[in-house]
Structure formats: C-alpha cells, structure tokens
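Everything quoted here is computed from the prediction, not taken from an experiment.
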Amino acid sequence: MKICALLFFLIGILPLSAALKFEESKISAKAGLDEVSLSRDFKFTNDGKTSVTIKAADAGCSCISTEISGGKFTYAPGESGVLRANFEVGSFQGTVEKPIHIWLEGDPDESPSSTVVLSVSIPTIIALEPKTLKWKVGDDTAPKVIDVQMTYEKPIRVTSVDTSNKNFNLKLIIVEEGKHYQVEVTPLSSKSPGLSVVRIETDVDVPKQRSQQAFAVIAAPHKQVP
C-alpha cells in the first residue's frame, strides 16, 4: 500500500506532457492563376497542464515562411494562438503539399511535437511529362522526349529551349503550334554521371509561368552491397 501511495504521489507531482492541439492538422487552399503568394492560419491551443514555448516551426522549404501570432511563443495551459503559413507560389503547378513541423522547448531535434500540412492547388497551364529524363552510365545515348501540353484558354508558344549542361543536345518539335510541343533530349556521352536543367521558355501572359524547367540525368550505377 505504501508503494502504491508513493507512486500516486510521484505521478501527481510530475509535469504532464506538454502539447499543442491544432483545430486543423491540414488546410487546403486554391491559388489563383496570377496569385504570387497566399497565407493560411493554423489555430492551436495549449492542451497540456504546463506552459509551453514554441522553439521553431519549419517546413524545410524556402517556399514557406511561418509566423506565430503577435510574436508570442510561450503559452499557458488553455491559452490559444495562431501559426500562420506564408506560401510563395512561384512557378509551382498542380497540388503542392508541404508539412510544417513544430518543435517545443525540450523536443529533440529529430522529434517535433506537432506537424501540420498546407496543401495548395495551383492551376496547371503548361504540363511537362515526364519532368525528369533518366539514363544510366554506360546506357545507349538514344534520345528521350519531354512532352509539353498547353492547357490554357489561349495558345502558348514555346519561344526557346536551353540546357545547363552542354553534354545534352536539345531539339524542339512542334506537334501543334500553341498547344503541343516535344523537347527531344540526347546525351552526347553516357560515360560519366551528369545532370542538366532543361529550360523551356514560353510566351504565356502569366509572367511567373513563362519559364518552365525539367531535368535530364545520367545516373551512376548502384554500388553492390557485399
């Protein structure tokens, strides 16, 4: 009985786990075609029995910055606040999902207390498929193709294509002017690993979408594990 009483006493004086409870763990948003940035608020409450201090909130991506309401980082039990996520749309297209990890004071670096997700849907007006062409070291250097489909209400013309690595030759093929193109990519050599950014410039009237990029990769062979 004395042991049980001692255990109950110790449990009573030990602090209970601190926690932030978010009203929504995932928020979905739609970006307009011309929208450069957007912000969404994740509301939270300190659901624990002790005060907590927010140490960091990070999405691991330069496209998202975070703010804590009023620059206040310490919250008493039952106190509420807001984590604002600011997303830079840039040249993203389609659905982009970014997890934001939140660390409280005392959290290990590898174990944030909470994670919320911002999901942003951005209109696709220039679709590239695939976005990465791959060869292996020693492969035949046969050409591969990036398909470029325009899904905009107006015609979009490809004005130029360029490569960041001169080991890759590019050829622009017009399938249907203003609607459908192909970029043929051919490595000059596959003797060593390499990477190229394939830049596709267009005349679309949405400035942030004018420049699109894909990748061409010559990958090193996987090492065999003994």
Should [X] and [Y] count as an ion pair when the cut-off is N to O under 4.0 Å?
X	Y	value
Glu184	Lys144	no
Asp162	Lys166	yes
Asp205	Lys154	yes

task: Consider only side-chain N and O atoms of Asp107 and Ser113, and report whether a donor and an acceptor are under 3.5 Å apart.
output: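 Indeed, the side chains of Asp107 and Ser113 share at least one donor-acceptor pair under 3.5 Å.
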- request: Just do the side-chain hydrogen bond (donor to acceptor under 3.5 Å, both in side chains) check on Glu201 and Ser211 with the steps written out, would you?
  value: CA-CA 5 Å; Glu201 301 293 334; Ser211 183; 3.0 Å; yes
task: Please indicate whether Lys72 has more than 12 foreign heavy atoms, meaning atoms of other residues, nucleotides or ligands, lying under 6.0 Å from its NZ.
output: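 Counting neighbours around NZ of Lys72, more than 12 heavy atoms of other residues, nucleotides or ligands fall under 6.0 Å, so yes.
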- request: Count the heavy atoms belonging to other residues, nucleotides or ligands that lie under 6.0 Å from CZ of Arg84, then report whether that count exceeds 12.
  value: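 No, the 6.0 Å shell around CZ holds no more than 12 heavy atoms from other groups.
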Residues Thr74, Val52; criterion side-chain contact (heavy atoms from CB on, under 4.5 Å); working and verdict: CA-CA 6 Å; Thr74 299; Val52 298; over 6 Å; no
field: Same apolar cluster: Val183 and Ile174, side chain cutoff 4.5 Å
entry: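 Yes, because Val183 and Ile174 connect within a single hydrophobic cluster, where side-chain heavy atoms sit under 4.5 Å apart.
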If you compare all heavy atoms of [X] against all heavy atoms of [Y], which two are closest, and at what distance to 0.1 Å?
X	Y	answer
Pro77	Gly48	CB-O, 3.5 Å
Ile146	Leu133	CG1-CD1, 3.6 Å
Ser189	Asn167	O-ND2, 3.0 Å

message: Here's a test for you: under side chain to side chain contact (heavy atoms under 4.5 Å, CB included), which of Glu153, Gln149, Gln212, Gln93 qualifies with Ile125?
response: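 Among Glu153, Gln149, Gln212, Gln93, the one meeting side chain to side chain contact (heavy atoms under 4.5 Å, CB included) with Ile125 is Gln93.
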